[in-house]
Amino acid sequence: MTTTEMPAVSECTVTACSYNDHRGCHAFAITVSGSNGAADCGTFIPLSAKGGLPKIVSQVGACTRADCVHNQNLECTASAVRVGPGEGDHAANCLTYTTR
């Protein structure tokens, strides 16, 4: 799989993440992880310092949620993913996650 085949992060509305600003996610790639029924963005970092690339090219690098319909061999097969705020201990969730 090349980087042009990796699904893009089409939207991220988690404002408390160091990789996100008003234009979107600036991480080169995110990891979707999580447990207890949630698909968390494992790349979420709640610091005041901003990080990432100067342009938006964020994509899904890995997904450990094998129970998602978009997961094939721990790779995301969705055309794009959306990330948004979660509840409780889940600060950032993959909103594209769909249980098999």
Side-chain angles (χ1 to χ4, degrees):
M1 177 177 279
T2 64
T3 56
T4 59
E5 296 171 343
M6 296 166 67
V9 176
S10 64
E11 174 186 37
C12 181
T13 58
V14 181
T15 57
C17 182
S18 294
Y19 286 110
N20 196 18
D21 66 15
H22 66 281
R23 296 176 295 150
C25 181
H26 289 269
F28 180 70
I30 69 165
T31 298
V32 177
S33 57
S35 59
N36 300 326
D40 297 330
C41 177
T43 312
F44 171 78
I45 299 175
L47 299 175
S48 59
K50 292 296 182 182
L53 302 172
K55 59 183 179 177
I56 299 173
V57 295
S58 191
Q59 51 208 332
V60 179
C63 178
T64 63
R65 291 310 312 246
D67 61 338
C68 180
V69 298
H70 302 292
N71 190 313
Q72 185 174 30
N73 301 318
L74 301 179
E75 300 290 336
C76 182
T77 61
S79 59
V81 299
R82 293 175 31 253
V83 177
E87 297 179 9
D89 293 340
H90 307 284
N93 289 154
C94 175
L95 303 178
T96 309
Y97 168 75
T98 307
T99 309
R100 291 184 198 267

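Summarising the geometry, atom CD belonging to E5 is positioned 13.0 Å from atom SG belonging to C76; distances are rounded to the nearest 0.5 Å. Atom OG1 of T31 sits about 11.0 Å away from atom CG of L74, to the nearest 0.5 Å. Once rounded to the nearest 0.5 Å, the distance linking CG of N93 with CZ of F44 reads 10.5 Å. Annotation: the span from N20 atom CG to I56 atom CD1 amounts to 8.0 Å, rounded to 0.5 Å.
Without hydrogens or angle criteria, R100 side chain to A66 main chain gives a donor-acceptor distance under 3.5 Å. The main-chain N or O of Y19 is never found under 3.5 Å from a side-chain atom of H26 such that the two would form a donor-acceptor pair. When atom types are taken as modelled, the side chain of N73 and the backbone of E75 share no donor-acceptor pair closer than 3.5 angstrom. K50 contributes a side-chain N or O that, together with a main-chain N or O of C17, makes up a donor-acceptor pair within less than 3.5 Å. The closest donor-acceptor contact from the side chain of N71 to the backbone of C63 lies under 3.5 Å. A donor-acceptor pair under 3.5 Å links the side-chain atoms of R65 to the main chain of A38, judged by distance alone. Judged purely by atom type and a 3.5 angstrom limit, T15 has no side-chain atom pairing as donor or acceptor with the backbone of T13. A distance-only check finds a donor-acceptor pair linking the side chain of S58 to the backbone of A27 [under 3.5 Å]. The main-chain N or O of A49 is found under 3.5 Å from a side-chain atom of S18 such that the two form a donor-acceptor pair. Of the possible polar contacts, one joining the S10 side chain to the V81 backbone as a donor-acceptor pair under 3.5 Å is found.
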Side chain to side chain contact (heavy atoms under 4.5 Å, CB included) for M6 and V60? Distances and angles first, verdict last. CA-CA 6 Å; M6 296 166 67; V60 179; 5.9 Å; no
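Side-chain contact between I30 and C25 is present, with at least one heavy-atom pair separated by less than 4.5 Å.
The cluster map of Ile, Leu, Val, Met, Phe, Trp and Tyr, joined by side-chain heavy atoms under 4.5 Å apart, puts V14 and V9 in the same cluster.
Smallest separation of non-hydrogen atoms from T64 and S33: OG1-CA, 3.2 Å.
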